[in-house]
Amino acid sequence: MELGFTEDERRFRAEVRRTLIEQVPERIRQAVREEKPLPRAWMVEAQRILNRNGYAVPHWPIAWGGRDWSAVKRAILAEEIDRAGVPKPLPFNVALIGPVIAAFGSEAQKRRFLPPIANLDLWFCQGFSEPGAGSDLASLRMTAVREGDHYRVSGQKIWTTYAHKADWIFCLVRTGQGGRKHEGISFLLIDLRTPGIEIRPIRTIDGYHHLNEVFFDDVRVPVENLVGEEGKGWDYARYLLGQERTSMGNVGFSRRRLDRVRELAGPLLDDPGYRRRLTWAEIELKALEITQMRVVANERPPSAGPDPKTSILKVKGGELLQTAAGLLLDALGPEALTAGFPQAAEEEPFQGHDARSALVSAYFSSRKYSIFGGANEIQRNILAKAVLGLGKAA
């Protein structure tokens with residue numbers, strides 16, 4: 001297998017890199033490099049620049065803004081976005097709900113939602129997890145009872161990232177009972193301005209407000225907001241979770257973090273122990289990059305579901321980001337003990353942020369990489385069964 005890049009792919013990388021540097025404002029890229037949170041307006045601004053250049057939704061159907069690019073070019077694009085310090089296109093929009101609507105939505109839904117989703121004119125969040133239905137998602141209890149041309153929705157979602165910034169939420173809801181628990185689940189789009197919705201913040205260990213609880217009390221949702229068929233929501237959720245999994249290695253993000261380690265470490269680079277840890281992280285990053293290209297080279301159609309080998313990218317990519325965060329924290333030395341957490345208003349997030357507080361927050365935030373998106377224990381089970389063939393009957 002040839003894992004080198006073609007001349008066309010190298011030209012593509014150079015073009016993407018130049019475009020990102022020239023068009024995305026330095027104030028945005030510098031904030032991302034320093035791992036400071038961005039105001040909503042800055043995230044929207046960045047995604048609109050990406051969308052204008054065809055970089056926001058290249059994996060979508062061409063009719064709705066996609067590009068006929070190979071998986072290799074899409075991986076190059078994701079890496080360059082990370083490495084340049086450009087905010088990624090909002091994943092809830094472009095990697096999750098967009099492909100589901102494109103594949104299963106009505107023509108009216110496609111026309112209504114896909115262009116503003118790509119351009120971040122509409123901001124979606126994901127309403128899947130519930131208390132008692134996280135890892136066992138099919139145990140969800142939020143109900144949607146049909147009454148004429150509306151559903152009456154009641155229940156709760158939790159760990160809902162950016163619900164406080166979002167305009168809409170896509171939800172798995174229970175529209176039927178009986179049979180297997182995966183049956184009777186439907187996929188609804190809900191306007192968060194609808195009466196009966198309450199959003200409560202969840203403050204996390206990194207000091208920021210990313211997560212929320214969302215409560216639904218007899219919320220009326222038009223039947224026209226049902227995606228696909230009633231009772232087929234579990235199938236659509238499985239399709240959703242199989243989208244763009246090859247970017248989970250976060251190669252560009254890890255490279256950017258390790259570059260910053262070298263900027264900040266100073267005299268620590270003369271310490272053999274620290275230098276050994278940094279060198280080993282860079283070796284791990286190169287191995288991860290090669291592994292990612294091997295996975296990308298074996299491109300599969302979305303209908304085939306995710307390649308189980310993407311679980312390697314999830315595990316190793318998350319562990320490497322945690323290692324890099326630890327190296328950054330050590331670079332602060334004793335200052336990390338007095339940095340504290342940033343105190344920030346939602347739309348003026350840099351008040352009270354400096355290099356110390358942002359890096360301390362980044363360290364604590366990195367703890368989540370081994371849990372969200374499928375816990376590492378689950379990913380290792382997938383690898384054991386689907387790749388190594390362990391646990392199968394003789």
Side-chain angles (χ1 to χ4, degrees), residues 1-5 59 70-76 78-79 82 91 95-96 99-100 103 126 128-129 133-139 159 172 180-182 234-255 257-258 276-277 279-326 366-394:
M1 180 186 297
E2 175 58 55
L3 292 176
F5 292 106
H59 55 296
S70 67
V72 173
K73 284 190 173 180
R74 296 199 303 271
I76 289 172
E79 183 179 343
D82 267 340
L96 301 181
V100 168
Q126 177 178 332
F128 279 15
S129 294
S135 298
D136 184 15
L137 183 58
S139 295
W159 314 122
L172 291 181
R180 298 167 59 235
K181 62 183 178 181
H182 296 86
W234 188 255
D235 295 336
Y236 308 149
R238 290 179 59 198
Y239 177 89
L240 175 152
L241 295 172
Q243 300 300 304
E244 289 296 278
R245 295 290 296 273
T246 54
S247 64
M248 294 181 74
N250 287 300
V251 169
F253 187 6
S254 289
R255 181 173 288 115
R257 263 194 178 168
L258 292 179
R276 187 181 304 112
R277 290 166 58 204
T279 301
W280 183 249
E282 290 174 335
I283 293 170
E284 290 270 276
L285 177 58
K286 177 54 69 175
L288 177 64
E289 183 179 13
I290 293 170
T291 302
Q292 178 168 286
M293 293 314 301
R294 284 177 174 153
V295 173
V296 166
N298 293 309
E299 184 174 8
R300 294 154 55 114
S303 58
D307 186 336
K309 290 189 290 296
T310 59
S311 293
I312 301 173
L313 307 181
K314 168 62 171 64
V315 172
K316 296 304 298 182
E319 290 177 348
L320 187 52
L321 283 171
Q322 290 174 336
T323 297
S366 71
R367 300 303 94 197
K368 68 190 177 189
Y369 294 132
S370 54
I371 301 173
F372 83 108
N376 282 5
E377 291 81 3
I378 301 298
Q379 303 303 321
R380 290 188 175 97
N381 284 342
I382 292 172
L383 292 169
K385 294 177 182 177
V387 178
L388 301 179
L390 301 178
K392 294 182 178 179

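Since we're looking at a predicted model, the values are computed, not measured. Keep in mind that the numbers below use all heavy atoms, side chains included, and drop hydrogens, waters and symmetry copies.
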Student: Which distance, rounded to the nearest 0.5 Å, do you find between the CG of Leu320 and the CD1 of Ile283?
Tutor: 11.5 Å

Student: Say you draw a straight line from CG of Leu388 to CD1 of Ile382; how long is it, rounded to the nearest 0.5 Å?
Tutor: 12.5 Å

Student: Can you name the side-chain hydrogen bond (donor to acceptor under 3.5 Å, both in side chains) partners of Glu284, sequence neighbours left out?
Tutor: Lys316

Student: Are any non-hydrogen side-chain atoms of Glu289 and Arg255 less than 4.5 angstrom apart?
Tutor: yes

Student: Would you call Glu377 and Arg380 a salt bridge, taking side-chain N to carboxylate O under 4.0 Å as the test?
Tutor: no

Student: Stepwise, does the side chain to side chain contact (heavy atoms under 4.5 Å, CB included) test hold for Ser254 with Arg257?
Tutor: CA-CA 5 Å; Ser254 289; Arg257 263 194 178 168; 5.6 Å; no

Student: Does any non-hydrogen side-chain atom of Leu240 lie less than 4.5 Å from one of Phe128?
Tutor: yes

Student: Which residues satisfy the ring-ring contact (aromatic ring centres under 6.0 Å, His included) test with Trp234, sequence neighbours excluded?
Tutor: His182

Student: How many angstroms lie between atom CG of Leu285 and atom CG of Leu321, to the nearest 0.5 angstrom?
Tutor: 9.5 Å

Student: Specify the closest pair of heavy atoms between Pro308 and Val387, including all atoms of both residues, with the distance to one decimal.
Tutor: CB-CG2, 4.1 Å

Student: Hey, what do you get for CD (Gln379) to CD1 (Ile312), rounding to the nearest 0.5 Å?
Tutor: 10.5 Å

Student: In Å, rounded to the nearest 0.5 Å, how long is the span from CG of Asn376 to OG of Ser370?
Tutor: 5.0 Å

Student: Could you walk me through whether Leu313 and Leu288 pass the side chain to side chain contact (heavy atoms under 4.5 Å, CB included) check?
Tutor: CA-CA 7 Å; Leu313 307 181; Leu288 177 64; 4.1 Å; yes

Student: So, for Val100 and Tyr236, which heavy atoms are closest and what is the spacing to 0.1 Å?
Tutor: CG2-O, 4.0 Å

Student: Specify the closest pair of heavy atoms between Leu383 and Lys309, including all atoms of both residues, with the distance to one decimal.
Tutor: CD2-CA, 4.3 Å

Student: Could you tell me the separation between the CH2 atom of Trp280 and the OG1 atom of Thr323, rounded to the nearest 0.5 Å?
Tutor: 11.0 Å

Student: Is a side-chain N or O of Lys314 found less than 3.5 angstrom from the main chain of Tyr369, in a donor-acceptor match?
Tutor: yes

Student: On a heavy-atom basis, which atom in Pro99 and which in Tyr239 lie closest, and how many Å separate them?
Tutor: O-CE2, 3.7 Å

